[in-house]
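Read the structure below first, then the notes.
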Amino acid sequence: MAENSLFLSGIEELKNKITELGMPAFRCNQIRDWIFKKFVFSFDEMTNLSVSDRQKLKEAFPKILPPVEKYEIDSEDKTGKALIKLADGELVEAVAIPGEDSMTFCLSTQVGCAVKCAFCRTGKQGFKRNLSAEEMILQVMILVKKTGQKPTNIVFMGMGEPFANRKALFEAIDILTDKTGLGLATRRITISTSGIIEGIRELSDRPGEVNLAVSLHVADNHARNILVPMNKRYPLEKLKEAINDYCVKTSRRVTLEVTLLKNVNDQYNDAMNLVNFCEGLLVHVNIVRFNKFKGSEYEQSPEKNEKEFRKILKKAGIPVTVRKSRGQEIMAACGQLAGKAYEQEKK
């Protein structure tokens with residue numbers, strides 16, 4: 001079991017404990033301000049709390065944040081990855097991606113993943129459980145402490161399928177965007193889904209401008225059934241309809257993510273299938289370079305194939321970008337997160 005901490009116990013538990021210890025209710029808001037606004041993670045440093053109250057809080061919650069099992073930094077691009085032990089001993093990973101004028105945090109929403117995309121290391125681990133909203137916020141605060149920076153962007157693209165855990169996901173987003181929390185703009189948050197239609201429709205009904213990315217990978221049902229088994233439940237025809245409805249309702253552009261795999265989905269007919277899928281949709285395509293991991297049968301598409309693929313899309317008038325792989329040295333790139341499996345592979 002992980003050592004008891006405020007974030008592993010939960011903010012609701014903090015409210016209860018404050019009442020139980022006879023402290024005024026406004027103490028909770030003061031503590032939230034220290035944590036979310038000033039990034040102070042020690043009760044001793046919360047100087048507008050009485051010494052006696054600080055001592056009571058330290059006894060109730062020996063730590064605000066739990067210890068991090070491991071934190072690694074890629075020597076080439078300075079991407080950081082935290083391996084975090086949760087209260088029940090399960091492990092998740094979260095990634096901090098620095099840019100010239102930005103800091104992006106990539107968060108996990110589940111321990112493992114039930115989608116089991118064929119080319120994803122997380123899916124090889126299988127599904128253990130959903131994360132709570134506070135366990136998602138925990139990842140943010142640990143990365144803030146490790147990097148010394150507030151995130152400019154949050155992407156729910158780590159371990160798990162976000163829309164399979166919608167209630168906690170949306171609760172976490174509400175905390176991240178709350179003015180008493182981190183106060184992030186919703187347009188700075190992106191959710192990546194493998195195609196759960198109910199989640200797409202629910203997101204379209206929510207206020208704010210949270211970005212939507214769909215891990216499409218290939219626009220042929222037979223091929224996608226293999227690469228993204230969820231396609232059997234949510235085939236391309238229904239997925240396209242949901243994406244179109246989302247675009248019409250929100251007027252927001254959707255990102256289609258395509259991980260190009262050598263001789264699997266990087267051929268001319270694959271590009272043309274994608275062109276046909278994009279017809280009539282407000283989308284842009286983000287090509288993701290495959291990141292190799294131990295035990296994978298797939299290989300990255302050759303540069304020549306990638307260039308030709310992009311050329312076909314551009315000729316059809318489809319905006320296309322290529323996502324630069326970050327954190328490969330520490331297995332922090334897209335599709336490489338694995339939590340407990342990471343430690344097992346190291347043995």
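Fair warning: this is a prediction, and the values are worked out from it, not measured in the lab. FYI, side chains are in, hydrogens and waters are out, and symmetry mates aren't considered; it's all heavy atoms of this structure.
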* **Lys56 vs Glu59, salt bridge (Lys or Arg N to Asp or Glu O under 4.0 Å): CA-CA, chis, key distance, verdict** => CA-CA 5 Å; Lys56 291 175 184 176; Glu59 291 173 1; over 6 Å; no

Within a reach of under 6.0 Å around [atom1] of [X], are more than 12 heavy atoms found that belong to other residues, nucleotides or ligands?
{"X": "Glu237", "atom1": "CD", "answer": "yes"}
{"X": "Phe39", "atom1": "CZ", "answer": "yes"}
{"X": "Lys179", "atom1": "NZ", "answer": "no"}
{"X": "Lys37", "atom1": "NZ", "answer": "yes"}

* Could you tell me which residues satisfy salt bridge (charged side-chain N to carboxylate O under 4.0 Å, His left out) with Glu279, sequence neighbours excluded, listed by chain and number? => none

* Provide the full list of salt bridge (charged side-chain N to carboxylate O under 4.0 Å, His left out) pairs with a residue in residues 141-158, sequence neighbours left out, each pair given once. => none

Taking [Y] as the starting point, is it possible to reach [X] by hopping between hydrophobic residues whose side chains are less than 4.5 Å apart?
{"X": "Val214", "Y": "Leu282", "value": "no"}
{"X": "Val248", "Y": "Ile197", "value": "no"}
{"X": "Phe127", "Y": "Leu86", "value": "no"}

* SB check Arg54 Asp44 (cutoff 4.0 Å) -> no

* Are any side-chain N or O atoms of His284 and backbone N or O atoms of Pro319, one a donor and one an acceptor, separated by less than 3.5 Å? -> no

* Donor-acceptor pair, Asn305 side chain versus Gln267 backbone, under 3.5 Å? -> no

